[in-house]
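I have placed the structure first, in the form of structure tokens, so that the comments after it can refer back to it.
The analysis underlying the following values was restricted to heavy atoms, covering all of them including side chains, and did not include hydrogens, waters or symmetry mates.
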Amino acid sequence: MDRKKIIKIFGGFLAVMLLFTILSRAVSGASMARVETVKISTGPIEHKVSASGRVEAGKEIAIYTQSGQRVKEICVQEGKTVEKGDVLFRVDMEELEEQILLARQEMEKTRLENEDVQNTKAFEQNNQKMARQRAQEDYNLAVSQGDASVAEAKRVWDEAEQALQNYVNSPAYTGAGNLVAEDGGQGEDGQPEGDGGQGKDGQSLGDNGQGTNSQPEGGNKEGTESQPEGDGAADREEKRASLEQAAAEAKAAYEAALSSRADGVRTAARSLEDAAKPQRAADSAEKQNEITRQQQELALNKLLSLQAAGGEVKATVSGVVTQILVSTGDFTSEGAAMRLSDSSQGGRLILSVDKGNEEYVGKGSPVKITIPGTKDVISDYTVSGVTENEEDHTLLDVMVDLPKGIVEAGAMVEVEIIPKSETYAAVVPLQALHEEQTGCYVLILQEEPGVLGLELVAKRLDVQVVDKNDTNAALEEGLLTSDQEIISNSSRNIQEGSRVRRKDG
């Protein structure tokens, strides 16, 4: 086979291969899902709540009067427009005057009760003062008498001790031991011993221990009998014992006086302390009576004001009577007697929305108001209050206050409540978000090498949703970049790893 024929065959082979490649790409491209992509954006996630309602005339004002008043005449009907100062209803004047008389009598009773409390308190305070004075006097007397008794006992004890010491140190006691009973005997100083012996001062000592002028004659004094020495010593010791006993008794009397003084002063001090204590616990009767008197005075003044008005209860604002809560012949209660819508304050729009929207209809949320049949949109106002519907607890009553002249009373309007939302850095269309039990994810485009060259493949990326509404979802920052293409729409079902191509055009 020549060279030209080989080249020709090889060229035909390459042509066939090229044809197959083109056909393969065409078939592969035809089988691939065509996708649309988006990139993350920045913005809020708005939660709109739509509702409709009727504009009422003004804020509702409650009309009150004194409770217990018999209604004599009702001068208005529900739905009637009234001006400020118009008579709404009248009360029975005779009943009112009786109540004023009773109120004054009750005030007088309270005043007298307060006077009794004050007089009793003053009497008790005077008695307590006298008791304290007397207790103080008794305490002072107990101290002075106790001091005197102790001082007297101390003096007696001191004298007894002194008498004992004087006797013990006297010649009658200390020199007596030198005398002997034998006649003519001498003592240690060379003087004769016996009844006629001399003392230390050179005088002779008699039986009583006193010196005499008689001189010793070698025996007893004539006409006297000698006494044994032992009997004189016993007398002296007996006398000493007697003096010691007297001193001990005087000491005991002194200690008894001290104890008696302490007991007397302690008793008097306790009596003084008891007299200084309040005779009874703190009594709030006087303060309570004063509070009662003030309340009675306030109620009486209201009755007098109603009497001065001729028993007429008047409208405090201009508006429409929305509710009458009293009946002719019945007595008024502590609650409202009537309710008026205050037309001078503009209008109030009340909307009922599902309670599931509670987090989106808070006070201060912006609203857009549209009047049916017009293209006007009022968007300068916000929700002024939200309360639970009294009749249906699954609903919320949303209130929007409107200035006078914005919307006529009675008009039906359509409202969109748009709560404020923070701005998120990663927002994607809701159709780009896929949800599973384990979480949420998005599919992004990614180029990968294939048999026929670079191919676009869908890759899964798990994300965290922080907020979403019916159209968009806000994702946690940092999971996606602004360059990544997120598959938002596909011509057929795809999953991670599916080869895809961009939708033409």
Side-chain angles (χ1 to χ4, degrees), residues 131-183 185-189 191-214 216 220-221 223-277:
R132 285 199 301 268
Q133 291 176 346
R134 290 178 177 176
Q136 185 66 54
E137 292 173 357
D138 292 344
Y139 175 80
N140 295 338
L141 182 61
V143 171
S144 61
Q145 288 180 345
D147 290 345
S149 297
V150 169
E152 176 62 18
K154 184 67 167 60
R155 183 189 65 78
V156 173
W157 181 29
D158 290 343
E159 289 180 353
E161 287 287 345
Q162 187 63 44
L164 175 61
Q165 293 300 320
N166 289 342
Y167 177 73
V168 170
N169 296 326
S170 68
Y173 181 78
T174 58
N178 297 325
L179 300 178
V180 295
E182 291 85 355
D183 293 338
Q186 293 183 346
E188 292 179 357
D189 56 358
Q191 299 295 330
E193 293 183 348
D195 294 339
Q198 292 183 345
K200 292 181 180 181
D201 55 356
Q203 296 181 343
S204 62
L205 297 176
D207 293 339
N208 57 1
Q210 300 294 328
T212 64
N213 293 327
S214 61
N220 293 330
K221 182 179 179 182
T224 64
E225 297 179 358
S226 62
Q227 297 292 334
E229 180 183 2
D231 293 342
D235 291 341
R236 288 190 293 273
E237 291 302 323
E238 181 180 357
K239 184 172 183 178
R240 175 176 176 171
S242 176
L243 291 175
E244 287 178 343
Q245 181 178 356
E249 290 176 352
K251 179 181 179 182
Y254 171 71
E255 292 174 346
L258 283 176
S259 177
S260 177
R261 179 191 180 282
D263 292 342
V265 171
R266 180 170 57 253
T267 301
R270 288 177 177 174
S271 298
L272 178 61
E273 182 180 350
D274 292 340
K277 294 179 180 178

Hey, what do you get for CD (E152) to CZ (R155), rounding to the nearest 0.5 Å?
4.0 Å
Judged by atom type as modelled, is there a donor-acceptor pair below 3.5 Å linking the side chain of S260 to the main-chain atoms of A257?
no
First locate atom CG of L164, then atom OH of Y173, and finally report the distance between them rounded to the nearest 0.5 Å.
9.5 Å
If every non-hydrogen atom of D138 is compared with every non-hydrogen atom of A268, which pair is closest and at what distance?
O-CB, 4.0 Å
Test side chain to side chain contact (heavy atoms under 4.5 Å, CB included) on S144 and D147 and set out the steps.
CA-CA 5 Å; S144 61; D147 290 345; 5.7 Å; no
How long is the gap from NZ on K251 to NZ on K154, to the nearest 0.5 Å?
11.0 Å
Hey, mind stepping through R240 and E237 against side chain to side chain contact (heavy atoms under 4.5 Å, CB included) and telling me if it holds?
CA-CA 5 Å; R240 175 176 176 171; E237 291 302 323; 4.1 Å; yes
Could you tell me whether the side chains of Q165 and E161 share a donor-acceptor contact shorter than 3.5 Å?
no
Is there a donor-acceptor pair closer than 3.5 Å between any side-chain N or O of Y167 and the backbone N or O of R236?
yes
Hey, are E137 and R134 close enough for a salt bridge, meaning a charged N less than 4.0 Å from a carboxylate O?
no
Side chains of D158 and Q162: do they bring a donor and an acceptor to under 3.5 Å?
no
Is it true that, when you exclude Q133 itself, more than 12 heavy atoms of the residues, nucleotides or ligands shown sit nearer than 6.0 Å to its CD?
yes
Check the surroundings of atom CZ in R266: do more than 12 heavy atoms from other residues, nucleotides or ligands lie under 6.0 Å from it?
yes
Shortest non-hydrogen separation from W157 to A247 and the atoms involved:
CD1-O, 3.4 Å
Where do A135 and S271 come nearest, in terms of heavy atoms and distance?
CB-O, 3.9 Å
Nearest-0.5 Å distance that lies between atom CD in E255 and atom OG in S259:
9.5 Å
Check this for me, if you would: do D235 and K239 make a salt bridge, where the nitrogen-to-carboxylate-oxygen distance has to be below 4.0 angstrom?
no
Show the nearest heavy-atom pair for residues V150 and L258, with the distance to one decimal.
CG1-CD2, 3.5 Å
Let me confirm one number: the CD-CG distance from E238 to L243, rounded to the nearest 0.5 Å.
11.0 Å
Who pairs with Y139 by ring-ring contact (aromatic ring centres under 6.0 Å, His included), at least two apart in sequence or on another chain?
none
Quick one: closest heavy-atom pair of L272 and Q136, and the distance?
CD2-OE1, 3.3 Å
